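Read the structure below first, then the notes.
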Amino acid sequence: MESREKLIYDLFIKNFGSRPIFIKSPGRVNLIGEHTDYNDGFVLPAAIDKKIFLAMAPNNKNKIRLVAADMDQAEYETAVSKTYKHSALGWPNYILGVVDQLQKSGFTPGGFDCIFGGDIPIGAGLSSSAALEGGVVSGLAELFDLEISRMEMAKLGQRAENQFVGVQCGIMDQFANLHGKAGSAIRLDCRSLEYTHYPFNRDDIAILLCDTNVRRELATSEYNVRRKQCEVGVEILRKFDPSIKSLRDVPQELLEKHKDALEPVVYNRCLYVLEENQRVLDACEFLLRSDIQSFGKKMYESHAGLRDLYQVSCHELDVLVEATESLDEVSGARMMGGGFGGCTINLVLENKIEKVITNIKTKYEKKVSTPVEFYIARISEGVTVKKY
Ligand code: GLA
């Protein structure tokens, strides 16, 4: 057992006395395809080796008893019921949201105990919330024999977040958490939910994450604003072509032709999404040819679009990306996730990692006072469930 795993396991035995099942639930990176998932577009995420560990067992007491190991072992308890109140603690809502959605889908999980903790930095854009949701739904499916596919689990986690937590996220994070495969990125068509694995396992290339440590409330409010702006664009463009259901259906010529019908800001949002979708498709072609340089160029273009057209970047993220532009050891870099803080993702020559980190750090510290942190992410399996 890894030491962190053992810690959670032992804590469970100490608190509840029963033998739990053990779930490992990964965070994710997204190589390219940002803010495209809720526009029926394409994304290219992968599960990583930063995880939440969960120990879970039924308690036959009709109670939900939760402990957050990394938050001073904060505890939460409630009875299994038809509706759940939001907890001011925040974190229980991801778990209650999942139980709530399971019940709304006709499943009847019983009372259970759960202790969780891990090493996914919270709010860094690595989807710790999706990891918690995916871990809980997988654990409950195992404990209570619920017949539910991984894709249904992903959709359920997304609904929990949309309806119970109140974040209007797309499907990417929950999907990646549950479908990850070691050594592969996954291109997901967020409309059809068809997906293809793309090998991403070059020994000479590492995925370096640079964390700004910036966490902004803006991330949620502005996220919902971006969604709305895309919907407004679709509504207007549909007047010219009623077959348009989402930005996925909009050819760039049509957008240009009716540019004047859109507010400039709405036009920019739409243009970004159309271009980003195409970038994902192009980037996947480059991956097939193992052309990491061309792939990396698409990442830089993606960042420029997110910064200038979609406007979800921030000074700290821009400084980090800019710091890599002159480095031959870095083939691509961009902000990752919702934006306004969190991490950049960088493709770096494995044997030059230390040099690159020092270089970025020096440049960053000249311009920004908050400390930057670095993590190396390895692409790994989606959620796993183990019985002892
Ligand atoms: C967050 C959301 C995802 C996705 C990204 C942006 O991570 O949870 O659904 O929209 O932002 O690509």
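Values in this document were obtained by computation on a predicted structure and should not be read as measured data. Note that ligands are numbered from 1 as they come in the structure, with each ligand's atoms numbered from 1 the same way.
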**OP:** Give the intermediate values and the outcome of side chain to side chain donor-acceptor pair (under 3.5 Å) for residues Ser302 and Arg279.
**Re:** CA-CA 8 Å; Ser302 169; Arg279 276 193 285 269; 4.7 Å; no

Under 3.5 Å side-chain donor-acceptor pair for [X] and [Y]:
X      : Y      : result
Tyr38  : Ser246 : no
Lys63  : Asn59  : no
Gln103 : Tyr84  : yes

Is there at least one pair of N or O atoms, one from [X] and one from ligand 1, spaced under 3.5 Å apart?
X      : value
Gly33  : no
Tyr223 : yes
Asp37  : yes
His35  : yes

Find all atoms of ligand 1 within a distance of less than 4.0 Å from any non-hydrogen atom belonging to [X], and give their numbers and elements.
X      : value
Gly337 : 6 (C), 11 (O)
Cys169 : 2 (C), 8 (O), 9 (O)
Gly170 : 9 (O)
Tyr38  : 10 (O)

Original post:
What's the shortest distance from atom 5 (C) of ligand 1 to any protein heavy atom, and which residue and atom give it?
Top reply: Met172 CE, 3.8 Å

**OP:** Could you check atom 7 (O) of ligand 1 against the protein and tell me its nearest heavy-atom contact, residue, atom and distance included?
**Re:**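 Going by distance alone, atom 7 (O) of ligand 1 is nearest to Asp173 OD2, 3.0 Å.
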
Subject >> Arg28 heavy atom under 4.0 Å from ligand 1 >> reply: yes

Original post:
Just checking, Lys259 and Tyr267: is the charged tip under 6.0 Å from the six-membered ring centre and within 45° of the axis?
Top reply: yes

Original post:
For the residue pair His35 and Tyr223, does the interplanar ring angle fall in the parallel (under 30°), tilted (30 to 60°) or perpendicular (over 60°) class?
Top reply: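 Ring orientation, 0 to 90° scale: tilted.
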
Subject >> Ionic contact status for Arg269 with Glu231, cut-off 4.0 Å >> reply: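 No.
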
**OP:** Identify, with sequence neighbours excluded, every residue that meets salt bridge (Lys or Arg N to Asp or Glu O under 4.0 Å) alongside Lys297.
**Re:**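 Partners of Lys297 under the salt bridge (Lys or Arg N to Asp or Glu O under 4.0 Å) test: none.
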
